[in-house]
Protein chains: 2
Amino acid sequence: MGRPRVRKVSGSGDARRDILAAAASLISRQGLRATTLAQIADVAGLQTPSLYYYFANKGAILLELAVDANRGPLTLVDLVNASDEAADIRLWSFVCLDLQALCALPFDINEVHRFASEDPASDEVYRQARERLIGEVASIVSAGVAEGSFRRVRARMTALTLLGNDEGSQNWMRVDRSADPAEVGEFLADFALRSLLTDATEIDRIRRRGRKLVARLACEPLTPLAGAGELTERSS
Amino acid sequence: MGRPRVRKVSGSGDARRDILAAAASLISRQGLRATTLAQIADVAGLQTPSLYYYFANKGAILLELAVDANRGPLTLVDLVNASDEAADIRLWSFVCLDLQALCALPFDINEVHRFASEDPASDEVYRQARERLIGEVASIVSAGVAEGSFRRVRARMTALTLLGNDEGSQNWMRVDRSADPAEVGEFLADFALRSLLTDATEIDRIRRRGRKLVARLACEPLTPLAGAGELTERSS
DNA sequence: GTCTATATTTCGATAGAC
DNA sequence: GTCTATCGAAATATAGAC
């Protein structure tokens with residue numbers, strides 16, 4: 001009865017990629033453990049067992065998502081550091097770009113981490129990437145202090161706070177979809193820099209140059225799985 | 001074989017309370033969906049079916065945890081507002097106390113929210129409490145702008161950012177247990193106020209008076225389920 | 001109020017045809 | 001590569017004795 005089910009409405013020809021996109025989309029709305037392989041297969045336009053042709057098990061799908069999610073911020077910090085700007089401008093740009101990258105992610109990064117931490121091997125991969133990210137941000141903070149533009153703050157604690165602020169903002173923006181990532185990103189970057197600057201009047205100059213750097217770097221290809229959230233669900 | 005299992009090592013005589021504390025403790029380590037009724041019953045010193053004498057189902061346990069979790073920050077904002085301090089000092093104190101309250105929670109507040117949102121009725125309860133909290137914080141920000149101590153910012157967006165910052169910090173502190181909530185709370189309050197002040201040199205005076213208010217309010221009884229994280233697991 | 005025993009459902013994963 | 005059919009484990013929840 002009824003018309004035959006239309007499969008692979010959004011099929012891209014790359015089933016493996018469809019599976020990852022479907023998983024990301026579902027996880028973003030339901031959370032990790034609430035998302036079943038049957039649902040993932042359904043959205044991807046497959047039957048459950050077909051997933052096992054591409055992935056060893058559910059954990060393997062999630063690990064790949066987690067690794068992808070980590071690549072974003074790390075790539076950003078490297079790109080920003082590759083510019084020859086001063087520390088204050090690099091930090092402004094990173095905060096701004098990091099928030100946008102997090103918002104482009106189709107899921108809550110903290111939940112992926114929690115799941116990955118159940119597997120010791122996955123946990124190690126994630127932890128090392130995280131520690132490197134913290135260290136890189138702390139280095140920028142230290143550089144700003146050395147250059148005299150930042151007041152004397154504890155670099156690591158500041159780095160943790162900055163990253164936490166980005167992630168906390170991602171969280172409420174997931175619910176309150178009316179906010180614009182680019183706008184909130186600038187707001188948050190201003191918010192952070194104002195706190196750190198020895199001379200608050202510098203903020204306008206920093207924002208001006210930060211914007212240019214952001215615009216330049218935003219062209220780079222970095223957000224993996226971009227557009228995963230827009231996966232059209234097939235009709236039944 | 002082996003000695004008989006020792007039950008209710010930490011039994012408080014109030015089984016209902018034991019169940020909630022056990023659930024909170026387990027959820028804090030494993031997440032929501034990974035925590036089973038069997039585990040909750042085990043830690044609470046009961047068998048699984050006994051939970052159904054106190055709660056209709058798993059969701060009912062979680063809803064009660066979610067409601068408790070929301071009460072904390074709302075109580076804080078009311079307490080802070082009940083003082084006759086200026087907006088800048090009230091805001092410093094709230095940020096500081098809110099972080100401490102969140103850190104005292106035995107679980108990730110975002111995860112509880114996500115689960116509660118699966119039930120429309122629970123979702124409404126949570127959403128209304130959340131909206132009131134945002135509104136109250138935004139009011140303090142607006143008051144500060146009116147008083148001239150804060151620069152002109154968008155009140156609601158600032159409120160969302162402040163709350164997001166607290167929650168983001170709770171998140172990394174859950175992993176990095178070396179940090180002290182009181183210390184990070186002051187750091188975050190300084191961080192936020194510096195961004196908002198028209199005159200940054202006021203920060204020292206605000207911190208001094210904020211500390212007094214925090215010390216006074218910290219004596220009030222507010223953290224529900226306090227100590228839930230310290231539940232001793234019984235030997236097997 | 002708490003238990004033992006069990007029903008019911010759901011999910012992850014495998015076997016094997018095509 | 002993708003499917004149908006199915007297994008086995010685990011989790012929520014119920015029935016009913018004590």
Side-chain angles (χ1 to χ4, degrees), chain A residues 4-23 26-27 29-66 111-112 114-116 118-119 122 234 236, chain B residues 4-23 25-27 29-65 111-112 114-116 118-119 122 234 236:
Chain A
R5 309 180 90 191
V6 181
R7 296 216 173 129
K8 303 184 83 167
V9 160
S10 58
S12 64
D14 183 349
R16 187 187 163 84
R17 191 155 197 87
D18 287 347
I19 292 168
L20 288 170
L26 286 162
I27 289 168
R29 286 183 306 224
Q30 307 176 337
L32 219 64
R33 269 204 139 82
T35 298
T36 69
L37 292 179
Q39 291 174 321
I40 295 173
D42 192 52
V43 173
L46 294 167
Q47 294 300 317
T48 312
S50 298
L51 303 183
Y52 289 89
Y53 178 79
Y54 297 97
F55 298 93
N57 48 39
K58 186 179 181 181
I61 299 178
L62 298 166
L63 178 59
E64 192 147 326
L65 288 177
E111 208 183 4
V112 177
R114 196 200 301 277
F115 196 97
E118 287 173 21
D119 171 38
S122 308
R234 77 165 201 254
S236 58
Chain B
R5 310 178 89 192
V6 180
R7 296 208 175 137
K8 301 184 82 165
V9 160
S10 56
S12 64
D14 183 350
R16 188 185 161 83
R17 193 156 196 83
D18 286 346
I19 292 168
L20 288 171
S25 170
L26 285 163
I27 289 168
R29 286 181 305 222
Q30 307 177 336
L32 217 63
R33 268 200 141 84
T35 298
T36 69
L37 293 179
Q39 291 174 323
I40 295 173
D42 192 52
V43 174
L46 294 167
Q47 293 302 316
T48 312
S50 299
L51 302 183
Y52 289 88
Y53 179 79
Y54 298 97
F55 298 93
N57 48 41
K58 186 179 180 180
I61 299 178
L62 298 166
L63 177 59
E64 192 146 326
L65 288 177
E111 206 184 5
V112 176
R114 196 198 302 275
F115 194 97
E118 287 174 21
D119 172 37
S122 307
R234 76 167 202 252
S236 58

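Chain naming here is simple, since letters A, B, ... match the order of the sequence lines and numbering starts at 1 in each. Just so you know, these numbers come straight off a predicted model, no measurement behind them.
- A straight line from CG of N57(A) to P of dA13(C) spans 5 Å, rounded to a whole angstrom.
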side-chain contact (heavy atoms from CB on, under 4.5 Å) between L26(B) and T36(B), worked out
CA-CA 9 Å; L26(B) 285 163; T36(B) 69; over 6 Å; no

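- Taking the side chain of S50(B) as heavy atoms from C-beta on, and the options dA13(D), dC3(C), dG1(C), the nearest nucleotide is dC3(C).
- Atom P of nucleotide dT14(D) and atom NZ of K58(B) are separated by 15 Å, given to the nearest angstrom.
- Looking at S50(B), its side chain never comes within 3.5 Å of a backbone N or O of L46(B) through a donor-acceptor pair.
- For I19(B) and dT12(D), the CD1 to P distance is 14 Å, given to the nearest whole Å.
- In this structure, D42(A) atom CG and dC3(D) atom C1' are separated by 15 Å, rounded to whole Å.
- The CG atom of L20(A) sits 7.5 Å away from the CZ atom of R17(A) when rounded to the nearest 0.5 Å.
- Per the geometry, CG belonging to L37(B) stands 11 Å off P belonging to dT14(D), to the nearest Å.
- Toward the 5′ end of DNA chain C lies the nearest nucleotide of T48(B), the other residue of the pair R33(A) and T48(B) mapping further downstream.
- Distances from the side chain of Q47(B) to the nucleotides dT14(C), dC3(C), dC3(D) place dC3(C) closest.
- Atom CZ of R33(B) and atom CG of L32(A) lie 11.0 Å apart (nearest 0.5 Å).
- The OH-P distance, from Y52(B) to dT14(D), rounds to 7 Å in whole Å.
- The side chain of Y53(A) contributes an N or O atom lying less than 4.0 Å from OP1 or OP2 of dG1(D).
- Residue-to-nucleotide proximity on DNA chain D shows that, of Y54(A) and A56(B), the 5′-proximal contact is made by Y54(A).
- Along DNA chain C, the nucleotide closest to P49(A) and the one closest to Q39(A) are compared, and the more 5′ of them pairs with Q39(A).
- Regarding I61(A), its CD1 atom lies at a distance of 9 Å from the P atom of dA13(C), rounded to whole Å.
- Separating the CG atom of L51(B) from the P atom of dG1(C) is a distance of 15 Å, rounded to the nearest angstrom.
- With T35(A) contributing its side chain and G31(A) its backbone, the two residues share a donor-acceptor pair below 3.5 Å.
- Backbone-only engagement by T36(B) is indicated by non-hydrogen atom pairs under 4.0 Å involving sugar-phosphate atoms exclusively.
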